[in-house]
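To keep things clear, I will list the structure first and then write my remarks on it.
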Amino acid sequence: VLWAQRSSKDDAEKNFIYLTISVPDVPASNLKLDLKPTGLTFSGHSDTLKRSYSLELEFYAEIDPAASKVNHTARDVEMKLRKKELSEAYWPRLLKGTQRSHFLKTDFDKWVDEDEQHEAAEEDFSNFGGMGKFTGGGDLGGIDFSKLGGGAGMPTGEEEDDEDSDDDMPALEGEEEEADEKPAGEKKAEA
């Protein structure tokens, strides 16, 4: 279970908990999620992995189940749980009890420090809403993956083994005037 949070004393839309329950291959027909103001109960079964999952959490403070959103995917159940009480301060922890839970971890992909949360980019929850509304795919912001990694700086085996191959390198800024004044065959001493 991964979690992160945001807080706002003025805007209820910015006062929530991100909660992700990682349960691969659990179809919507095999899961039960009961979201209450003080906690949640989850159970599910994966026929392909032949595993059953169950979870019961009691939250540090109350949430508003009616204003919360749930999104079920093939890999997990994602939730955006609206905190009931508007407050600028973060909850000190997710659970009411102070004992550590080995299965509960901070979602650092979504976490923003309390003093930097107003500068953080808003997450897109357009495909949140109800069970089974996951659309997959989506816009990747115009990234051309064919150009990423493209071997930049990696040897291809076609380079010359000539040790003087750096003679063709352009001059650095400030050295351009000096390079123009020297005869073609003369090399500059390295500093």
Side-chain angles (χ1 to χ4, degrees), residues 1-8 12-85 87 89-114 116-117 120-146 148-149:
V1 176
L2 299 173
W3 82 289
Q5 66 178 313
R6 302 284 190 283
S7 289
S8 173
E13 291 289 322
K14 296 180 180 178
N15 197 40
F16 57 87
I17 298 286
Y18 289 114
L19 192 69
T20 304
I21 303 173
S22 298
V23 285
D25 296 332
V26 175
S29 61
N30 286 357
L31 73 82
K32 182 181 178 197
L33 178 65
D34 185 18
L35 197 55
K36 297 174 269 197
T38 57
L40 71 81
T41 305
F42 170 84
S43 63
H45 179 75
S46 169
D47 293 330
T48 56
L49 297 175
K50 296 183 181 12
R51 286 189 185 156
S52 291
Y53 303 95
S54 66
L55 175 69
E56 190 168 335
L57 300 177
E58 187 176 0
F59 299 133
Y60 176 79
E62 286 191 21
I63 63 159
D64 182 358
S68 298
K69 298 177 182 179
V70 177
N71 184 36
H72 176 246
T73 70
R75 292 187 294 172
D76 50 35
V77 177
E78 300 170 312
M79 290 170 264
K80 184 179 177 183
L81 308 173
R82 179 86 54 88
K83 295 178 185 177
K84 193 169 194 173
E85 183 180 324
S87 172
Y90 274 8
W91 288 1
R93 58 190 174 276
L94 176 65
L95 303 179
K96 190 170 194 165
T98 57
Q99 71 279 8
R100 277 212 177 280
S101 299
H102 69 281
F103 61 86
L104 186 63
K105 299 190 181 349
T106 303
D107 189 344
F108 287 107
D109 290 337
K110 294 179 181 166
W111 189 270
V112 174
D113 286 335
E114 197 168 348
E116 296 173 353
Q117 66 181 334
E122 289 295 318
E123 297 281 333
D124 178 23
F125 289 100
S126 59
N127 55 344
F128 262 62
M131 299 295 277
K133 289 194 177 182
F134 179 67
T135 58
D139 180 23
L140 297 175
I143 297 172
D144 183 0
F145 287 99
S146 66
L148 292 177

Give a yes or no answer on whether the side chain of Y90 reaches the backbone of Q5 with a donor-acceptor pair at less than 3.5 Å.
-> yes
Could you tell me which residues satisfy side chain to side chain donor-acceptor pair (under 3.5 Å) with N30, sequence neighbours excluded, listed by chain and number?
-> D47
Hey, is the main chain of R51 close enough, under 3.5 Å, to the side chain of H45 for a donor-acceptor pair?
-> yes
Can you name the side chain to side chain donor-acceptor pair (under 3.5 Å) partners of D64, sequence neighbours left out?
-> none
Criterion side-chain contact (heavy atoms from CB on, under 4.5 Å) on S68 and M79, from CA distance to verdict | CA-CA 7 Å; S68 298; M79 290 170 264; over 6 Å; no
Residues two or more places apart in sequence or in another chain: which of them pass side-chain contact (heavy atoms from CB on, under 4.5 Å) with A12?
-> R82, L86
Taking only residues two or more places apart in sequence or in another chain, which ones pass side-chain contact (heavy atoms from CB on, under 4.5 Å) with L104?
-> V1, W3, L94, L95, S101
Listed partners of D107 passing side chain to side chain donor-acceptor pair (under 3.5 Å), at least two apart = none
Qualifying residues under side chain to side chain donor-acceptor pair (under 3.5 Å), relative to E58, sequence neighbours excluded = none
After noting the C-alpha distance and the side-chain angles of I17 and F59, does the key distance pass the side-chain contact (heavy atoms from CB on, under 4.5 Å) rule?
-> CA-CA 10 Å; I17 298 286; F59 299 133; over 6 Å; no
Minimal heavy-atom distance between L2 and T106, with the atoms involved, is CD2-O, 4.2 Å
Measure across K83 and R6 and return the closest heavy-atom pair with its distance rounded to 0.1 Å.
-> NZ-O, 3.2 Å
Can you tell me if CZ on R93 sees more than 12 non-hydrogen neighbours from other groups inside 6.0 Å?
-> yes
Between atom OG1 of T38 and atom CG of L57, what is the distance when rounded to the nearest 0.5 Å?
-> 11.0 Å
Work out which heavy atom in P37 is nearest to a heavy atom in P65; give both atom names and the distance.
-> N-CG, 3.6 Å
Can you name the residues that form a side-chain contact (heavy atoms from CB on, under 4.5 Å) with F42, not counting sequence neighbours?
-> I21, V23, L31, L33, L40, Y53, L55, V77
Report the residues that fulfil side-chain contact (heavy atoms from CB on, under 4.5 Å) with T41, sequence neighbours left out, ordered by chain and then residue number.
-> D34, K36, E56
Counting N and O atoms only, with roles assigned by atom type, does the side chain of K105 sit under 3.5 Å from a partner on the main chain of H102, one being a donor and the other an acceptor?
-> yes
Crowded around F108 CZ? As in, over 12 foreign heavy atoms under 6.0 Å?
-> no
Please report the closest heavy-atom contact between S7 and S87, naming both atoms and the distance.
-> CB-O, 3.2 Å
Take K84 and I63 through the test side-chain contact (heavy atoms from CB on, under 4.5 Å) and record every step on the way to the result.
-> CA-CA 5 Å; K84 193 169 194 173; I63 63 159; 5.7 Å; no
Can you tell me how far the CG atom of D25 sits from the CZ atom of R75, to the nearest 0.5 Å?
-> 11.0 Å
Which residues share a salt bridge (Lys or Arg N to Asp or Glu O under 4.0 Å) with E85, sequence neighbours left out | none
